[in-house]
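Accompanying notes for the structure given below.
Order of listing sets the numbers, starting from 1, for every ligand and every atom in it.
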Amino acid sequence: MATGNRYTGLIGKYADRLPLSSDAAPISLGEGNTPLIRLDNLVRDIGKDVELYVKYEGLNPTGSFKDRGMTVAVTQAVAEGSQAIICASTGNTSASAAAYAARAGIKAFVLIPDGKIAMGKLAQAIMHGAEVLQIHGNFDDGMRIVKEMAETAPVSLVNSVNPYRLQGQKTAAFEICEALGRAPDYHCLPVGNAGNITAYWMGYSEMALKPGEAGTQACKFCEGDCQFHQAAVASRPVMVGYQASGAAPFLRGHPVEKPETIATAIRIGAPQSWDQALAASRESSGWFDEFDDEAILETQWLLTSREGIFCEPASAVSVAGAIADIRSGKIAEGSTVVCTLTGHGLKDPGVAERYADAAVSTLAAESSAVKEAILGKMR
Ligand SMILES: *Cc1c(COP(=O)(O)O)cnc(C)c1O
């Protein structure tokens, strides 16, 4: 048997913080443990004294943070004897469900909206062998149907209304506290179905409890000297949620009937974790804001071209918001700010098409032509 320090995913690392029974066999692809990257170039451009980081969740096994929740949800479903899982999805949940179901040897049914799903995500669901059911409706219609299916058909629901999903997703907050040695002052993230903002708040809240305090779980492995206990932090961040203007129910104060945005991962009009997200915002003295598609794409381009980080459009809204709020002073100078980049840019390669004309030059296959092009572009 191999010894050493192989990272085996977040159930392996955070078993003592997750409500799984100890005999549940983890279904894992090594998710979690993603980098926290400091954005020095963008901060220099803004000219304010802040520390700005991104938690690059696009580097999870299927390219989005959904894997954190899926490993726990699928592990629990299998432990309960489930033979099939189901979800509604704007794309990333279905990609993740498909992969973890394949690994577990069970069936995945994924309901996707009519059109408007990024090609990379659909490709993943297909390649992992999921049953893809495309409905003539949007995500919110799909959500209503899968909740019914979980009641009436032999399938386990793995959308973020499944509490095991949020349990897994909260571990991103643990990792951030461990990396910084404290909690950030602000945490900014895109809000769609509002599960992730709920999960981060749960994670930060658990992290802020000192060992032995009411609300802490007994650690199975230590007497208060494990990595989690050592990283216990004194404070929690202000939670800031950003939405796309065409799908911004938290800004409107009510569900949005026909959500529209290029950021398909957050094209959701009736968030399932509405009350929890509002509570996180209120308890942390946070706020919500919105950005239009143009601002979202502009920020995605800033991240790719200035920092070398390719996230999908939905993810970029967190940085669009952070930059705007740092500029305006709403996020004070001297702050440490973390933005979640929820998914990888390769999920949605279609957005690159809009830049292709400017980026791609077509030349004769001759050194002279290539040299002329190089010299021209260096000017
Ligand atoms: C799922 C998802 C979101 C939205 O997260 P919620 O928990 O639904 O608020 C944002 N970005 C990406 C890339 C996603 O996959």
Could you tell me whether Lys55 and Glu175 have a side-chain N and a carboxylate O separated by less than 4.0 Å? yes

For atom 12 (C) of ligand 1, closest protein heavy-atom neighbour: Thr342 OG1, 3.2 Å

Looking only at protein heavy atoms, identify the closest one to atom 7 (O) of ligand 1 and say how far it is in Å. Asn196 N, 2.8 Å

What residue and atom, counting heavy atoms only, is the protein's closest point to atom 8 (O) of ligand 1, and at what distance? Asn193 N, 2.8 Å

Could you see which bit of Lys66 sits under 4.0 Å from ligand 1, with heavy atoms only: side chain, backbone, both or neither? side chain

Ligand 1 contacted by Ala194 (non-hydrogen, < 4.0 Å): yes

Give the atoms of ligand 1, by number and element, whose distance to some non-hydrogen atom of Glu312 is under 4.0 Å. 13 (C)

Identify the protein heavy atom lying closest to atom 5 (O) of ligand 1, giving its residue, its atom name and the separation to 0.1 Å. Phe65 CZ, 3.5 Å

So, for Phe288 and Tyr242, is the gap between ring centers shorter than 6.0 Å? no

Can you tell me which portion of Thr90 lies within the under-4.0 Å heavy-atom range of ligand 1? Options are side chain, backbone, both, or neither. neither

Is Gly343 in polar range of ligand 1, meaning some N or O pair under 3.5 Å apart? no

Strictly below 4.0 Å, N to O, side chains only: are Arg182 and Asp185 in salt-bridge contact? yes

Asn92 contact mode with ligand 1 (heavy-atom cut-off under 4.0 Å): side chain

Backbone or side-chain N or O of Ile268 under 3.5 Å from ligand 1 N or O: no

Ligand 1 atoms nearer than 4.0 angstrom to some heavy atom of Gly195 are 6 (P), 7 (O), 9 (O)

Are any of the side-chain heavy atoms of Arg165 and Val72 separated by less than 4.5 Å? no

Ligand 1 versus Ala314, non-hydrogen atoms closer than 4.0 Å: side chain, backbone, both, neither? side chain

Quick one, Lys147 and Glu151 - any side-chain contact, counting heavy atoms below 4.5 Å? no

Where do Glu57 and Thr342 land on the side-chain hydrogen bond (donor to acceptor under 3.5 Å, both in side chains) test, with the steps shown first? CA-CA 5 Å; Glu57 291 288 279; Thr342 44; over 6 Å; no

Does the side chain of Glu312 come under 3.5 Å of the side chain of Asn92 through a donor N or O and an acceptor N or O? yes

Ligand 1 N/O within reach of Gly192 N/O, cut-off under 3.5 Å: yes

In terms of side-chain geometry, is the basic nitrogen of Glu178 or Lys13 positioned less than 4.0 Å from the acidic oxygen of its partner? yes

Verdict with supporting geometry, Glu31 and Tyr7, side chain to side chain contact (heavy atoms under 4.5 Å, CB included): CA-CA 9 Å; Glu31 58 295 309; Tyr7 178 80; 5.8 Å; no

Heavy-atom distance to atom 10 (C) of ligand 1: which of Asn159, Leu189, Ile266, Ile197 wins? Ile266

Taking the side chain as everything from C-beta on, heavy atoms only, tell me whether Ser285 gets closer than 4.5 Å to Met239. no

